[in-house]
Amino acid sequence: MERYSIKMRASSQERHISGAEKIVAREELESYCARLLRRAMDHSKGKPDKINLKIEAVSEDEITFLRALPVTTIKTADPEEGRAAIREYLRQMGLSDRADDILSIWEKSYAMRGAMLLDADTLQRLEPDRERGVRATYMDMDTRDQQRQQACSGKNHFNEALVLATKVVNHPNILAELCVSDDPDYVTGYIASRKLGYVRITTLKEMGSPNGGRVFLFRGNHDEELADCIDYLQRRKVLVQMEDKL
Ligand code: PML
Ligand code: MG
């Protein structure tokens, strides 16, 4: 199948407003470009003065197909309860003595465009560019799932995050991902790992807060394994089979 990657990025006076990406079949290319454009123009963070659409051909043999992580939901009443749930999962992963530090370092990711890559054992930051962070890109749900999904012009936080988390935690050196949205009107976040699956935490911040960001917890050597991990996150193409998740 002939496929293309589309990346959209919108900003106003250099301030990030919205970003999204797709990997779509040739026949869908124009219609997805229009949808992403509409999405850029219609965002709660404001009107963009610059929109970038980048389109690249993707060949079939570059694509890795993955199954979406299993999903569970933990209902929490407020951000404090949400953070306590995250702490408990970090404890289960053997990281209890570092859980508080991980939670406070996570806050530093709020100002970054990409994610923070953190050594899970030493808490050393591993992003080559700390301002930008590491961006997980070149992933989407599988084409048949895209056809099943409706109303793609708006953002579906859950679907997009499940696709991203599935890609991220499938690298053998990623222990887990933590995420809370930077969208002011979206307070659900998650912790994901190969072992836990994708655990949604319904309240991780106060409504109205623009603070959000991602941390990828890494375990491995800082030479080949780190280089391979960053290459995987930023360049390798992944399509995720959503099965019953939509
Ligand atoms: C984002 O806005 O990019 C992150 C969305 C997190 C979605 C959490 C969920 O609903 O499962
Ligand atoms: Mg956002």
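Along the sequence shown, residues are numbered consecutively beginning with 1. What's counted below: heavy atoms across the whole structure, side chains too, no hydrogens, waters or symmetry copies. What you see is a predicted model, and the numbers here were worked out from it, not measured in a lab. Both ligands and their constituent atoms are indexed starting at 1 by order of listing.
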Per residue D183, nearest N, O or S atom to the Mg ion (ligand 2) is named OD1
The Mg ion (ligand 2) to D182: nearest N/O/S atom name: OD1
Could you go through residues 50-58 and list every donor-acceptor pair under 3.5 Å that involves a side-chain atom there, pairing it with any protein atom two or more places apart or in another chain?
from: E56; atom 1: OE1; to: Y138; atom 2: OH; distance (Å): 2.6
from: E56; atom 1: OE2; to: Y138; atom 2: OH; distance (Å): 3.1

Taking 4.0 angstrom as the limit and counting only heavy atoms of [X], give me the atoms of ligand 1 inside it, by number and element.
| X | answer |
| --- | --- |
| C179 | 4 (C) |
| Y198 | 7 (C), 8 (C), 9 (C), 11 (O) |
| R200 | 9 (C), 10 (O), 11 (O) |
| R214 | 3 (O), 4 (C) |

Indicate, as side chain, backbone, both or neither, the part of A161 found under 4.0 angstrom from ligand 1 when only non-hydrogen atoms are considered. side chain
[X]-[Y] co-clustered via ILVMFWY side chain contacts under 4.5 Å:
| X | Y | result |
| --- | --- | --- |
| L29 | I23 | no |
| Y110 | L217 | yes |
| Y32 | L239 | no |

Does the T202 side chain pair with the main chain of T76, one donor and one acceptor, at a distance under 3.5 Å? yes
Could you tell me how the ring of Y198 sits relative to the ring of F158: parallel (under 30°), tilted (30 to 60°) or perpendicular (over 60°)? perpendicular
Does any N or O of ligand 1 fall below 3.5 Å from an N or O anywhere on Y186, backbone included? yes
Heteroatom distance test (S181, ligand 1): nitrogen or oxygen, under 3.5 angstrom: yes
Is NZ or CZ of K167 both nearer than 6.0 Å to the six-membered ring centre of Y232 and within 45° of the ring axis? yes
